[in-house]
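Numbers here simply count residues along the sequence, with the first being 1.
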Amino acid sequence: QVALVESGGGMVQAGGSLRLSCAASGGTFSRYAMGWFRQAPGKEREFVAAIRWIGGSTYYAGSVKGRFTVSRDNAKNTVYLQMNSLKPEDTAVYYCAAKSTVYVPYRAHEYDYWGQGTQVTVSS
């Protein structure tokens, strides 16, 4: 059974940085797409970024492009989300997701596995 565990959330001032980690286990992740989503209070879960495990192609939401970077460490089965120039509107619970697929899904319901989420709070 695939398991995803996020870490690295916290509180930071606007303009600061955080790096989220997603440790994956229980699967052959070379065939997976890994996504990062976020959900703010009262809002729907939204796509942030994704990476294809094999090849490393990356995809970003327009609101984070140029500020966030998604990457993976094959040896550690871990995906990262480096978040720079954080803004108060980035405040949300951030989730890691996984799907065994040859394409990269952008919609939350297309992913099969989810982590428990980690809170990111950006103060102004």
Quick one: salt bridge (Lys or Arg N to Asp or Glu O under 4.0 Å) pairs with a partner in [range], sequence neighbours left out?
range: residues 53-62; answer: none
range: residues 21-36; answer: none
range: residues 94-106; answer: Lys99-Asp112

Between Ser124 and Ala14 the two heavy atoms that sit nearest each other are CA-CB, 4.3 Å
Identify the two heavy atoms, one from Asn74 and one from Arg72, that lie closest to each other, and give their separation to 0.1 Å.
OD1-CG, 3.5 Å
Fellow cluster residues of [X], listed by chain then number, with links counted only when side-chain atoms sit under 4.5 Å apart:
X: Tyr80; result: none
X: Tyr95; result: Phe37, Phe47, Tyr59, Val93, Val104, Tyr106, Tyr111, Trp114
X: Trp53; result: Val2, Leu4, Val12, Leu18, Leu20, Phe29, Tyr32, Met34, Trp36, Val48, Ile51, Tyr60, Val64, Phe68, Val70, Val79, Leu81, Met83, Leu86, Tyr94, Tyr113, Val120, Val122

With sequence neighbours excluded, what pairs up with [X] under the side-chain contact (heavy atoms from CB on, under 4.5 Å) test?
X: Asn84; value: Ser17, Gln82
X: Gln116; value: Val5, Glu6
X: Glu46; value: Arg38

I'd like to check the salt bridge (Lys or Arg N to Asp or Glu O under 4.0 Å) partners of Arg67; sequence neighbours left out, ordered by chain and number.
Asp90
Partner set under salt bridge (Lys or Arg N to Asp or Glu O under 4.0 Å) for Arg107, not counting sequence neighbours:
Glu110
Side chain [X], main chain [Y], donor-acceptor under 3.5 Å:
X: Ser57; Y: Gly55; result: no
X: Thr28; Y: Ser30; result: no
X: Thr118; Y: Gly9; result: yes

If you look only at pairs with a residue in residues 50-124, which of them pass as a disulfide (SG to SG under 2.5 Å), with sequence neighbours excluded?
Cys22-Cys96
